[in-house]
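Below is one structure, written out as structure tokens; comments come after it.
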2 protein chains.
Amino acid sequence: MKATINDVAKLSGVSIKTVSRVMNNEPSVRQLTREKVQDAVKELNYQPNLAARNLAGTKSYTIAYVYDNPNAYYVIDMQEGILAACRQQGFELLINPCDSQQENITEEIISTIKHARVAGLVLTPPFSENPDFVKRITDLDIHVVRIMSGDAAPDELSPCVMVNDRDAAQTITQHLIDLGHNKIAFIAGEAEHMSTIERYKGYRRALKANNIDFNKNLLIEGEYSFESGVNGAKKLMSLDNSADDRPSAIFSCNDEIAAGALFAARLMNFNIPEQLSIAGFENSPFSRQTWPKLTTANQPNKEIAKNAASLLISQIRKQKSNHEISQYVPQLVVRDSTGKV
Amino acid sequence: MKATINDVAKLSGVSIKTVSRVMNNEPSVRQLTREKVQDAVKELNYQPNLAARNLAGTKSYTIAYVYDNPNAYYVIDMQEGILAACRQQGFELLINPCDSQQENITEEIISTIKHARVAGLVLTPPFSENPDFVKRITDLDIHVVRIMSGDAAPDELSPCVMVNDRDAAQTITQHLIDLGHNKIAFIAGEAEHMSTIERYKGYRRALKANNIDFNKNLLIEGEYSFESGVNGAKKLMSLDNSADDRPSAIFSCNDEIAAGALFAARLMNFNIPEQLSIAGFENSPFSRQTWPKLTTANQPNKEIAKNAASLLISQIRKQKSNHEISQYVPQLVVRDSTGKV
DNA sequence: TTAGAAAATGACAGCGCTGTCAATTGTTAA
DNA sequence: TTAACAATTGACAGCGCTGTCATTTTCTAA
């Protein structure tokens, strides 16, 4: 029924040990032998038994996805991408939801990792942005791949898959500017999130590129929540119009904030986008469920995650990764919440 | 470092086979022996090695969560609940996202199940509502627990954890009636979903209990989408007011529809809740991010899932389940989208 | 009390693979 | 051509557990 290593060995006329070598990409197998074995593997549709591998070997074929993210859509996409890579490469995935604020969370995760003999971790924010945490893990000789905001890896601790929020934010801001806006506010997410910083940088860069002076009254320090968007927009739209302070456009650090801003604008009887343009970021499902629908930026999370997991598995296997993309730039999605001034 | 069955055997002075028996709740172990072993297990903090178990035994210690649901929040909650049960009972979880519409999906799932030697499945809608699918699986002697809408299991194919949407829908409708509404519309989800049927029944039952005639103009057959809510509400709010047809309240089959209805009402310049009350169902995160916030019904998905998974594992182990709750009634959450007529 | 049956326990093989190390084959340089 | 070495391959043990079956202990009834 299910082929074992023995069947492959017989069919290809070598010992099981040699088959094992081929399956693990070990060197010192003659090319000819390797091909014979690979043919047999294909013919029998052989897949190594994970349990046996784990039991017999010192190596591990399990990676983990450790997450703490309030955005379920993000998590699901990431997870499915990682899962796809695992399937492809015969790895197992351990899902580890947790609370990054919890006191001994690092110890707890390390304990789980050890117990389950995890070979590597895929990390997304906030974990991926915590160098101390990453260092603790890599010090254990556990491989890590981080998915994070930025245009280049911040350190050498682990390979990174970068999401260039800065360029994307610049594009969004430019879109607003092209629409004729020059009083563009920015409602930030948590200041300690890399994504906030990057998106802010993109915003500033766009202003500068267009010779628009930055007005610090138009910067709201908020957090990634609907509530924060409501409060931020209220504050902004209460600014003195004659003093040239009240914005004609708001760039919100994510869609949730943007939805809040929309809500507040509505409360204050501003028409969107006639009197006020609002842009979000992330292209979360509810950016299509606001009124009007949000202009935002989209990133291919599933693909990013699959790539990151493949990279991780290559690292674990000590193969060189086959030139995967390691930087993604979210793309502008224009919908109905932004318009000409 | 990590204790093995051997360590336990030595410490408790019995053979490893006996320890194995205790670990697997097998009969024919004297009570005294069992206790000795359990003490040693506790002392050494012993946990059986899953890989070895899988390799050696014919039994499996893996269950799978097969899902296809567009609602990421639902999926994440379910998954985390199942995961919690697995942790507790030393089982492994295989996550299997898939597309229920895909042609050979049943075959594909069966193949995965066999390959991974899965002992049982947790099923949520739409899979849990497909008796043919369930039968295919149970015929393979694979255990199944279904989570579904209703007040009692529809058949004997598998144990079920029921979510009593009917009672909850009745409560919501009653809430509307208590607010003084008697022209209450219903925007349905897909007619083939059990949840739609159940919620509709609850709606009708509430009307009947209050001697309110059902007006079929107020029933919109839609689907679980924002779009559908928009269209449904537009249609409803265009009804002739003098003909006594236009509703003063809309009960939407879920929050997404309700959000759409809200959107449409806004477009048509109806004030919520002064001129129109709108209620949703599901308590999804964006029910808090609409304007105004949605009145809805909440169900403890994580708890439900944990319970279902525990039940499944008990079945697999042939232990009697310890009287778990098998019916949940979602609870009314009153927010700002419903008000007095 | 004791044979006979039932209950409780243990010895041992082996699940499918990898690690170790020995055996074989191929290659190089004198 | 051959010793010396490197590359390739294979034999075998054993990972931690469970299934089978034999053995020991306990219980029952005459």
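A note on names: the letters A, B, ... follow the listed sequences, proteins ahead of strands, and every chain is numbered from 1.
Contact annotation: Lys59(B) side-chain N/O to dC17(D) OP1/OP2 distance is not under 4.0 Å. Contact between the side-chain N/O atoms of Thr58(B) and the OP1/OP2 oxygens of dG19(D) is found at a separation under 4.0 Å.
One interatomic measurement links the two molecules: CG of Asn54(B) to P of dC15(D), which rounds to 19 Å at whole-angstrom precision. Atom OH in Tyr61(B) sits about 11 Å away from atom P in dC17(D), given to the nearest Å. Nucleotide dG19(C) holds its P atom 7 Å from the CD atom of Glu26(A), rounded to whole Å. Atom pair Met23(B):CE and dT9(C):P shows a separation of 16 Å (rounding to whole Å applied). Put simply, CG on Leu32(A) is 14 Å from C1' on dG26(C), counting in whole angstrom units. The distance from atom CG of Asn6(B) to atom C1' of dC17(D) is 10 Å, rounded to the nearest whole Å.
The closest side-chain donor-acceptor pair between Arg146(A) and Ser158(A) falls under 3.5 angstrom.
A ring pair (Phe, Tyr, Trp, His ring centres under 6.0 Å) check over residues 75-108 of chain B, counting only residues at least two apart or in different chains, returns the pairs Tyr61(B)-Phe91(B).
Panel note: side chain Ser60(A), backbone Arg117(A); a donor-acceptor pair is recorded below 3.5 Å. Between the side chain of Lys302(A) and the backbone N or O of Met78(A) there is no donor-acceptor pair closer than 3.5 Å.
The aromatic rings of Tyr73(B) and Tyr73(A) stand perpendicular to each other, their planes meeting at an angle above 60°, with 30° marking the opposite boundary.
When each of Val14(B), Val37(B), Val22(B), Asn24(B) is checked for a side-chain contact (heavy atoms from CB on, under 4.5 Å) with Val29(B), only Val22(B) meets the rule.
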Original post:
Would Arg136(A) and Glu107(A) satisfy salt bridge (Lys or Arg N to Asp or Glu O under 4.0 Å), going step by step from the backbone distance to the final call?
Top reply: CA-CA 9 Å; Arg136(A) 287 291 304 279; Glu107(A) 307 311 324; 3.2 Å; yes
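Of the residues in residues 45-53 of chain A, not one places a heavy atom less than 4.0 Å from an atom of DNA chain D.
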Subject >> Heavy-atom protein contacts under 4.0 Å, nucleotides 5-14 of chain D, coded B base, S sugar-phosphate only, - none >> reply: ---SBBB--B
